[in-house]
Colleague: 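Here it is, the structure, as structure tokens.
Protein chains get the first letters and strands the later ones, always in sequence-line order, with residue 1 at the start of each. Keep in mind the model is a prediction, meaning the values are calculated, not measured.
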There are 2 protein chains.
Amino acid sequence: MNLENEISLRQTLDRFNVLSDVEFSEFLKVCEYREFSKKDYLLKSGNYNHGIYFIISGVVGLFELIDGEKMYQNFFLENEFANELKSLSTQTPSTKNLIALTTINSFYLNRKKLLELYDKSASFERLGRKLLEHILNGQNEISYVLQSLKPEKRYEYLEIERPELLKSIPLTYLASYLGLARETLSRIRARK
Amino acid sequence: MNLENEISLRQTLDRFNVLSDVEFSEFLKVCEYREFSKKDYLLKSGNYNHGIYFIISGVVGLFELIDGEKMYQNFFLENEFANELKSLSTQTPSTKNLIALTTINSFYLNRKKLLELYDKSASFERLGRKLLEHILNGQNEISYVLQSLKPEKRYEYLEIERPELLKSIPLTYLASYLGLARETLSRIRARK
DNA sequence: TTCATTTTGTGATTTTCGTCACATATAAGT
DNA sequence: ACTTATATGTGACGAAAATCACAAAATGAA
């Protein structure tokens with residue numbers, strides 16, 4: 001069970017191809033197992049952000065309150081790193097929130113401990129850099145969708161590129177993610 | 001003149017607070033001075049991407065051809081690093097283009113040489129990581145604009161947060177950047 | 001200076017999407 | 001099982017933006 005979780009993490013990190021066995025066990029030492037119930041906040045706006053979460057199971061949403069409405073900006077699924085990097089890197093209070101959309105099993109990675117790892121070996125720093133590259137590529141993609149695609153095509157983007165989101169996340173949240181009115185997305189789906 | 005350019009670079013890098021004097025002169029060794037005329041391509045879609053450019057002076061645009069139209073996705077001004085990180089990090093042919101919108105003076109930073117630097121000292125890797133964080137924060141911001149702001153507010157975002165773009169870049173290009181029809185942006189500006 | 005190219009402005013028209021209102025369905029909590 | 005809270009569907013309507021068409025202005029090149 002616990003071992004299984006570590007294997008998930010290992011496999012995810014292996015895709016970046018940087019950590020040796022020894023380094024991985026070093027890495028594991030900074031991982032704290034944490035659980036959350038649905039609607040729990042992993043990060044609340046106004047608070048400082050001290051780390052990131054590796055999602056073992058469940059779905060986490062990143063949102064910002066705008067005119068009293070939750071605008072979802074990202075979703076993190078199994079085997080992804082839930083994060084809000086702006087407040088993490090600048091160490092200023094977060095304007096955004098991370099919320100558990102389901103029950104969550106996760107590993108928490110404390111920022112300070114990660115920075116200490118960075119000092120120990122360049123491999124960890126490299127892992128951090130590669131993870132950032134990965135996140136940035138994802139962010140570029142969603143920008144492209146918002147900039148260039150009409151509502152119907154945005155929905156198709158989800159169908160093709162991120163079908164897991166359609167399955168696990170309420171339409172209402174996806175609408176804000178795609179920059180559309182809830183009703184518009186509902187109608188797009190209706191005519192399919 | 002040449003010294004002046006190096007000072008610009010130094011000041012820009014100093015904001016990340018990682019390189020010593022010695023490391024900076026090491027860094028300078030991988031910088032190749034390059035000039036471009038207006039309309040030259042720094043990167044052409046279909047080609048491999050072998051590095052990034054520090055812009056000493058001028059403006060570079062990042063665009064993608066969609067239905068035969070240039071969709072501008074970013075602009076790089078003086079003292080910024082013009083880049084297309086997806087093709088650079090994955091080493092696949094670029095789908096995007098970097099084009100000189102004015103005469104350009106730049107330093108070219110070759111990817112391989114940068115990776116070699118990364119191996120030499122963790123400071124360089126850290127610089128790379130911090131630069132990525134910086135780029136990612138910018139990318140998050142433009143996503144927010146596209147997702148949450150109506151056309152008029154998008155224009156105001158430029159007025160307030162990026163006035164240099166309004167001064168130096170044709171309205172037509174800015175329209176695609178903001179995900180709007182050219183005419184819409186022209187009318188927004190007219191009623192101000 | 002002249003000609004071609006690029007960029008911007010502006011009206012008329014069409015389309016799409018957002019908004020409002022309310023019904024229904026589904027899930028969650030006691 | 002009952003009640004409340006969340007989420008979804010759908011029609012009517014209006015506002016806003018896209019599209020089309022063309023003129024004017026600005027920029028660049030020969």
Colleague: Do A/Y118 and A/F124 have ring centroids that are under 6.0 Å from one another?
Modeller: no
Colleague: Can you give me the bend angle of the helix from C/dT1-D/dA30 to C/dT30-D/dA1? Use the axis through the first five pairs and the one through the last five, nearest 10 degrees.
Modeller: 60°
Colleague: If the threshold is 4.0 Å, N to carboxylate O, is there a salt bridge linking A/D40 and A/R34?
Modeller: no
Colleague: List the atom of B/K86, the atom of A/N137, and the distance in Å for their closest heavy-atom pair.
Modeller: CA-OD1, 3.4 Å
Colleague: Is the A/H134 ring parallel, tilted or perpendicular to the A/F16 ring (thresholds 30°, 60°)?
Modeller: perpendicular
Colleague: Do NZ/NE/NH1/NH2 and the carboxylate oxygens of B/E133 and B/R129 come within less than 4.0 Å?
Modeller: yes
Colleague: Check every nucleotide of DNA chain D for an atom under 4.0 Å from a heavy-atom of chain B, then give the first and the last such nucleotide from 5' to 3'.
Modeller: D/dA17 to D/dG28
Colleague: If you compare all heavy atoms of A/Y72 against all heavy atoms of A/Y173, which two are closest, and at what distance to 0.1 Å?
Modeller: CE1-CG, 3.5 Å
Colleague: Is B/E156 paired with B/K192 through a side-chain N to carboxylate O contact shorter than 4.0 Å?
Modeller: yes
Colleague: Assign a letter to each nucleotide of nucleotides 6-19 of chain C from its 5' end: B, base within under 4.0 Å of a protein heavy atom; S, sugar-phosphate only; -, no contact.
Modeller: -SBBBBB----SSB
Colleague: Between A/K29 and A/E26, does any NZ, NE, NH1 or NH2 come within less than 4.0 Å of an OD or OE carboxylate oxygen?
Modeller: yes
Colleague: Please confirm whether A/Y53 and A/F36 have ring centers closer than 6.0 angstrom.
Modeller: yes
Colleague: State whether B/E152 and B/K150 are salt-bridged, where the test is any N-O pair (Lys NZ or Arg NE/NH1/NH2 against Asp/Glu carboxylate O) under 4.0 Å.
Modeller: no
